[in-house]
2 protein chains.
Amino acid sequence: MDDDLKTIGEMCDEFDVTPRTLRFYEAKELIAPKRDGTRRLFTRACRARMKLILMGKRFGYSLEEIRQLLDLYYIGDQQVTQIRRSYALGLERLARMEAQRDELDAAIRDFRQQLKWGEEVLARSGLSRAAE
Amino acid sequence: MDDDLKTIGEMCDEFDVTPRTLRFYEAKELIAPKRDGTRRLFTRACRARMKLILMGKRFGYSLEEIRQLLDLYYIGDQQVTQIRRSYALGLERLARMEAQRDELDAAIRDFRQQLKWGEEVLARSGLSRAAE
DNA sequence: CGTCAACCTGACGTAAACGTCAAGGAAAGC
DNA sequence: GCTTTCCTTGACGTTTACGTCAGGTTGACG
């Protein structure tokens with residue numbers, strides 16, 4: 001049905017990672033490629049998950065946290081209790097993300113202040129052109 | 001002159017870290033406590049740096065990156081070229097921080113959407129009380 | 001004087017996220 | 001048929017940021 005399958009090499013090109021990384025993610029059950037005998041074949045679902053994995057990494061989640069996040073995205077037809085647990089987990093994570101963003105905002109404000117101080121140091125340093 | 005010096009134990013209480021952590025930071029030249037014979041004595045400057053170190057860690061910098069940041073904070077009377085280099089580095093970092101925050105904002109929006117979807121799943125699951 | 005708490009210096013252990021190397025299978029081109 | 005290329009599975013190495021001992025000092029207290 002959906003057989004736009006990719007080899008490990010093609011995946012590496014697409015996502016700019018090494019084969020080791022993809023095998024590692026499989027070992028950690030973050031992705032589950034099919035097999036042609038012994039060879040891995042990566043489905044469209046794998047690629048979707050890879051995008052999410054790399055997104056997660058960009059803002060500092062561990063692979064284990066990402067695995068849980070992926071479970072949240074792909075719940076399917078499980079028990080409602082399971083969904084509720086995931087939902088609660090999601091709320092927690094949202095709170096953490098918002099806290100993190102607020103800290104980052106504050107840090108950015110501090111940092112801007114620091115840079116203004118740097119500008120003054122440069123200005124008073126006897127040189128007229130601060131940006132050359 | 002300024003002799004409000006603290007022992008390692010007092011520092012641990014103040015910053016909620018272990019002695020090992022402080023010794024490690026000294027080994028990595030993030031802080032430079034004085035000595036009374038063999039014992040470490042932490043100055044006010046050390047405590048200021050510790051605050052900045054912990055700040056840096058909170059939003060995901062490595063200790064090595066933090067060490068460079070601290071150099072930016074405590075420039076002193078170095079060459080102006082040096083100051084300029086640090087300043088440029090600071091601008092870069094600010095850009096990175098803002099990009100990170102924007103990604104986080106976007107992720108939070110996505111996530112909120114995801115949670116709304118979860119709420120609907122719960123609502124349609126035949127149960128009236130979604131939060132018990 | 002003993003000992004107890006708080007400190008010291010190695011030095012080895014650990015978890016995460018892969019890198020790297022060895023040894024081998026399978027298909028594709030010449 | 002032989003070589004090259006791409007893939008496979010172990011299995012050990014690496015970095016970061018410490019934890020966790022072992023063994024040795026030192027100052028204060030009873």
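By convention in this document, chain letters (A, B, ...) are assigned in the order of the sequence lines, proteins followed by strands, and residues within each chain are numbered from 1. Both backbone and side-chain heavy atoms feed into the values below; hydrogens, waters and symmetry mates do not.
Counting heavy atoms from C-beta on, the side chains of A/M50 and A/L30 never come closer than 4.5 Å.
Rounded to whole Å, atom P of D/dC7 lies 13 Å from atom CZ of A/R35. Summarising the geometry, the separation between CG on A/D36 and C1' on D/dC6 is reported as 13 Å, rounded to the nearest angstrom. Separating the CE atom of A/M50 from the P atom of C/dC18 is a distance of 9 Å, rounded to the nearest angstrom. A/K6 places its NZ atom 17 Å from the C1' atom of D/dC6, with the value rounded to the nearest Å. Residue A/L22 contributes atom CG, which lies 15 Å from atom P of C/dA17 at whole-angstrom precision. Atom CG in A/D13 sits about 9 Å away from atom P in D/dC7, given to the nearest Å. As a whole-Å value, the separation of A/E10 CD from D/dC6 P is 11 Å. With rounding to whole Å, B/R23 atom CZ is found 7 Å from C/dC7 atom C1'.
For A/E26, the side-chain contact (heavy atoms from CB on, under 4.5 Å) partners at least two apart in sequence or on another chain are A/I31, A/P33, A/R35, A/R40. Partners of B/T7 by side chain to side chain donor-acceptor pair (under 3.5 Å), not counting sequence neighbours: none found. Residues meeting the side-chain contact (heavy atoms from CB on, under 4.5 Å) test with A/K51, sequence neighbours left out: A/F15. Looking at residues two or more places apart in sequence or on another chain, you find no side chain to side chain donor-acceptor pair (under 3.5 Å) involving B/R20. Shown here are the side chain to side chain donor-acceptor pair (under 3.5 Å) partners of B/E10, two or more places apart in sequence or in another chain: there are none.
Distances shown here put every side-chain N or O of B/R40 at or beyond 4.0 Å from the OP1 or OP2 atom of C/dC7.
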*Would you give a per-nucleotide map of nucleotides 12-27 of chain D, 5' to 3', where B means the base has a protein non-hydrogen atom under 4.0 Å away, S means only the sugar-phosphate does, and - means neither?*
-----BBBB-----B-

